[in-house]
Amino acid sequence: MPPARRPARAVEDTARLLESLGHTVEEARIDLPARFVEDFLLYWAMLGFLVSKGGKALFPQGFDAGQLDPLTRGLADYYQQRFLKTPGMLRQLRLARQRYAAAFAQYDVILSPVLAHTTPQIGYLGADLPFDTQLERLLRYTTFTPANNASGGPGISLPLGQTADGLPIGVQFSAANGEEALLLGLAFELEEAHPFQSLGRVH
C-alpha cells in the first residue's frame with residue numbers, strides 16, 4: 001500500500017501562509033490535454049529507447065546496454081511497441097506547452113504538491129519490481145512535475161510541510177517560462193516567514 005497522503009494538507013497550509021503575507025490565493029488549474037499522461041509516458045519511453053540504442057555512440061569506450069536498469073529497458077520496450085504514435089505525441093506535447101503558458105496569463109504562480117503522496121519506504125520503487133508495477137507506482141507518485149518537464153516551465157520545491165515523524169513534505173510553485181527570479185524571490189519570502197525544518201546537523 002502507498003504511504004499516507006499528506007501533501008494536500010501541506011498545500012492548504014502554504015496557501016494560508018501566503019494569504020497572511022498579503023498574497024491573493026484562489027483555486028487554479030493548468031488545463032492540460034486529456035491524453036497528457038499517455039503522451040508524456042511515450043516521450044519518457046522514447047528517451048529510454050534512445051539511450052538503450054544510442055548509448056554506444058555517446059560512450060564508445062564503456063557503454064553496455066546489458067547493464068541498463070530494468071526501468072530503462074522496460075521503457076525502451078514500451079516505446080518499441082508504440083513508436084508509430086510518436087508524431088501525434090509530439091503534437092500533443094506542444095499543445096500541452098501552450099496550455100501551460102496560457103495558465104500564467106492570469107496567475108503569477110501556481111501552487112501544488114510536488115508528489116502525490118509522502119515518501120514511500122525503501123523498496124516501494126525498487127529496481128527489482130516488475131516493470132509494470134514499478135511504472136504504475138511511479139506514475140501515481142510523480143503526478144505534478146510532468147507539466148513542468150514537458151513545457152520547460154520553471155518550478156521550485158520548498159519543504160513547507162512535515163509528516164508526523166518529522167520528514168519534510170515539499171510543495172511546488174510553478175511559473176511562466178523565464179520567471180525563475182519570481183520563484184526564488186517567493187522562496188526567500190516564505191523561508192523568512194516559515195524557516196525550513198532542518199533534518200539535523202552533520203558533525
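Since we're looking at a predicted model, the values are computed, not measured.
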Set of residues satisfying salt bridge (Lys or Arg N to Asp or Glu O under 4.0 Å) with respect to Arg94, sequence neighbours excluded: none

Phe40 vs Leu139, test: side-chain contact (heavy atoms from CB on, under 4.5 Å). Steps then yes/no. CA-CA 10 Å; Phe40 184 80; Leu139 291 175; over 6 Å; no

List the steps and the verdict of salt bridge (Lys or Arg N to Asp or Glu O under 4.0 Å) for Arg9 and Asp13. CA-CA 6 Å; Arg9 175 67 181 273; Asp13 290 346; 3.3 Å; yes

Indicate yes or no: at least one non-hydrogen side-chain atom of Val37 is less than 4.5 angstrom from one of Leu32. no

So, taking the atom named CG in Leu42 and the one named OH in Tyr78, what distance separates them when rounded to the nearest 0.5 Å? 6.5 Å

Answer yes or no: is there a side-chain heavy-atom contact under 4.5 Å between Met89 and Met46? yes

Could you tell me whether Arg16 atom CZ has more than 12 heavy atoms of other residues or ligands within 6.0 Å of it? yes

How close do Ser157 and Val114 get, heavy atom to heavy atom, and via which atoms? OG-CG2, 3.3 Å

Are Leu84 and Leu50 connected in the hydrophobic side-chain network, where two residues link if heavy atoms are under 4.5 Å apart? yes

If you group Ile, Leu, Val, Met, Phe, Trp and Tyr whenever their side-chain heavy atoms sit less than 4.5 Å apart, what else falls in with Val51? Leu58, Phe59, Phe63, Leu68

Pairing residues for Glu189 by the side chain to side chain donor-acceptor pair (under 3.5 Å) criterion, not counting sequence neighbours: His23

Starting from the C-alpha separation in whole Å, work towards a yes-or-no answer on side-chain contact (heavy atoms from CB on, under 4.5 Å) for Phe36 and Ile30. CA-CA 12 Å; Phe36 174 74; Ile30 300 174; over 6 Å; no

Are there over 12 heavy-atom neighbours, none belonging to Arg97, within less than 6.0 Å of that residue's CZ? no

Could you tell me whether the side chain of Glu38 reaches within less than 4.5 Å of the side chain of Gln92, counting heavy atoms only? no

Can you list the steps and then say if Leu71 with Leu138 is a side-chain contact (heavy atoms from CB on, under 4.5 Å)? CA-CA 10 Å; Leu71 178 62; Leu138 280 167; 3.7 Å; yes

Can you hop from Tyr107 to Val25 via hydrophobic side chains spaced under 4.5 Å? no

Side-chain atoms of residues 166-187: list all donor-acceptor pairs with protein atoms under 3.5 Å, sequence neighbours left out, distances to 0.1 Å.
from, atom 1, to, atom 2, distance (Å)
Gln172, NE2, Asn148, OD1, 3.3
Gln172, NE2, Ser174, OG, 3.4
Ser174, OG, Asn148, OD1, 3.4
Ser174, OG, Asn148, ND2, 3.2
Asn177, ND2, Gly152, O, 3.4

For residues Ala193 and Leu17, report the shortest heavy-atom separation together with the two atoms involved. CB-CD1, 4.3 Å

Taking all atoms of both residues into account, what is the closest heavy-atom pair of Ala116 and Arg140, and its distance? CB-O, 3.0 Å

Is there a side-chain contact between Leu75 and Phe131 (heavy atoms, below 4.5 Å)? yes

Kindly indicate whether the side chain of Thr118, heavy atoms from C-beta on, has any atom under 4.5 Å from the side chain of Pro7. yes

Please round to the nearest 0.5 Å and tell me the distance separating atom CG of Leu18 and atom OG1 of Thr24. 10.5 Å

Determine the minimum heavy-atom distance between Gly123 and Leu129, stating which atoms define it. O-CD1, 3.9 Å

What distance separates Leu90 CG from Lys85 NZ, expressed to the nearest 0.5 Å? 14.0 Å

Look at atom OH of Tyr43 and say whether more than 12 heavy atoms of other residues, nucleotides or ligands are closer to it than 6.0 Å. no

Exercise: identify the closest heavy-atom pair between Tyr100 and Ala147: CD1-O, 4.0 Å

OG1/Thr14 to CD/Glu12 distance, rounded to the nearest 0.5 angstrom? 10.0 Å

Do Leu41 and Leu135 have side-chain heavy atoms sitting under 4.5 Å apart? yes

Can you tell me how far the OG atom of Ser151 sits from the CG atom of Leu95, to the nearest 0.5 Å? 12.5 Å

Regarding Thr86 and Tyr79, is there a side-chain donor-to-acceptor distance under 3.5 Å anywhere? yes

Do Asp77 and Phe49 come within less than 4.5 Å of each other through their side chains, counting heavy atoms only? no

Phe196 atom CZ, neighbour heavy-atom count above 12 within 6.0 Å: yes

Quick one, Phe144 and Ile110 - any side-chain contact, counting heavy atoms below 4.5 Å? no

For Tyr141, what residues pass the side chain to side chain donor-acceptor pair (under 3.5 Å) criterion, not counting sequence neighbours? none

Summary of salt bridge (charged side-chain N to carboxylate O under 4.0 Å, His left out) pairs that have at least one residue in residues 21-36, sequence neighbours excluded: Arg29-Asp31, Arg35-Asp39

Please assess Leu160 against His194 for the test side-chain contact (heavy atoms from CB on, under 4.5 Å), listing each intermediate value before the final yes or no. CA-CA 8 Å; Leu160 288 167; His194 183 80; 3.6 Å; yes

